[in-house]
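One structure is given below, encoded as structure tokens.
Just follow the structure's listing: the first ligand is 1, and inside any ligand the first atom is 1. Nothing here was measured: the structure is a model prediction, and the numbers come from that model.
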Amino acid sequence: MKIELKEITMKFEDVTAVDSLNVTINEGELVSLLGPSGCGKSTTLFMLAGLYKPTAGQMFFGEKLINKIEPENREIGMVFQNYALYPHMSVLKNIMFPLKMAKVPKKEAEERALAMAKLVHIDHLADRKPGQLSGGQQQRVAIARALVKKPKLLLLDEPLSNLDARLRLEMREEIRRIQQEVGITTVFVTHDQEEAMSISDKVLLMKDGKYQQYSPPQYMYDHPENEFVAKFMGSPPINVIPVTLNQSEKTISISGTENTILCPDNLNFNKVSGNQLTLGVRPEDFMIVDPSETNQFISVTVDVVERIGRDTLLNAMVGEKHIRALVEPDVKVKKGDTLHLAIRNERFHLFNNDTQENIIEIKS
Ligand code: ADP
Ligand code: MG
């Protein structure tokens, strides 16, 4: 089912939890709502569920305006962080419960519940009680129960955050598999950028109730529209380095160094409002270069060298500023060395210090 939110706002007395949000989710997509704690993810999900009624704006399921439709009439399935299973009921009875409430005949309900148990790979545990299951298995039961009525929209609110790291990895792959097998439109709330990156068709990143960017995750990582998005996506995080723009020369000077480098040709000067900008470079987008071969580099002083298997992570100083660079594992450097780092082609972000906007245009 296609979902459309138009100028959706939710106010709680003096707090605007969600502020004029516009989003379209296409049929069959898995969209993550991502952002720091308190940014309005759950509030958005609860509005989709019908547990909260928006203060303003319109919500459509398909062609239908659903602002005033009660949760039980929305054809949704929901899973929360705490699985909220009935402890005295068997796994199968837990999964059957929504069908029982809907007065589906017992035999049919059992068959459908068992088919769901198979889908989420817990059919062999059907007779156990929730207390006899691991956290991951309990979450599988909760997902089966949310899907058993064949809803048109699946809503998941941080479903993995109670699981340990290894199970979290396994379960996020499982959620993606189940979602794709069923083909159900899904909204997945998480504050974990890596989780959102790994399972989503698209990510909606929010901050203080406001839209930041809505894109496929890799696109968001490669083309952040503003400094907040750039910093939120990626670990180790993007480096931000103060620079001074020379508009006529089309160069930037790196504060605290003697280095001046050329701006990329896709810089949008209409978005520039001052000379002080912030250069954003991801750690993996630095390359060590030979200063006799190019003058397009930033000089850094190596501080800490961490060998981390596949790569070497350098901590270095650019003037007063700490940066991180991921370089080849066999690079021979030590604390105190001066290195020359160039930025990989097209992996250049420049943020306006007033608007935080990325002023590099995306080449189409
Ligand atoms: P998230 O899920 O992203 O952590 P929430 O949607 O739960 O964030 O909350 C967004 C903002 O709205 C927060 O400032 C929170 O304190 C506030 N908020 C959420 N629910 C309520 C409520 N029922 N009453 C008052 N304020 C609320
Ligand atoms: Mg929340």
[atom] [closest protein heavy-atom partner, distance rounded to 0.1 Å]:
atom                    : result
atom 12 (O) of ligand 1 : A17 CB, 3.2 Å
atom 1 (P) of ligand 1  : G38 N, 3.4 Å
atom 9 (O) of ligand 1  : T43 OG1, 3.7 Å
atom 27 (C) of ligand 1 : F12 CD1, 3.3 Å
atom 7 (O) of ligand 1  : S42 CB, 3.8 Å

Ring geometry between Y219 and H223 (parallel below 30°, tilted from 30 to 60°, perpendicular above 60°):
tilted
Students often mix this up, so state it plainly: with edges at 30° and 60°, are the rings of Y52 and F46 parallel, tilted or perpendicular?
perpendicular
Can a side-chain donor-acceptor contact be found between [Y] and [X] if the only test is distance below 3.5 angstrom?
X    : Y    : value
N246 : S248 : yes
Q179 : R176 : yes
E361 : N266 : no
E227 : N358 : no
D290 : S292 : yes

Looking at non-hydrogen atoms alone, which of D14, V15, D157 comes nearest to atom 14 (O) of ligand 1?
V15
Measuring from the heavy atoms of Y52, does anything fall under 4.0 Å of ligand 1?
yes
Run the contact test for G35 against ligand 1 with a 4.0 Å cut-off on heavy atoms, strictly below, and give the result.
no
Examine R282 relative to Y221 and say whether NZ or CZ is less than 6.0 Å from the centre of the six-membered ring and inside a 45° cone about the ring axis.
yes
In the protein, N/O/S atoms that are found under 2.8 Å from the Mg ion (ligand 2), waters not counted
S42 OG
Would K118 and D123 count as a salt bridge (charged side-chain N to carboxylate O under 4.0 Å, His left out) here? Give the steps.
CA-CA 5 Å; K118 283 205 175 96; D123 43 315; 5.1 Å; no
Donor-acceptor pair, N94 side chain versus M89 backbone, under 3.5 Å?
yes
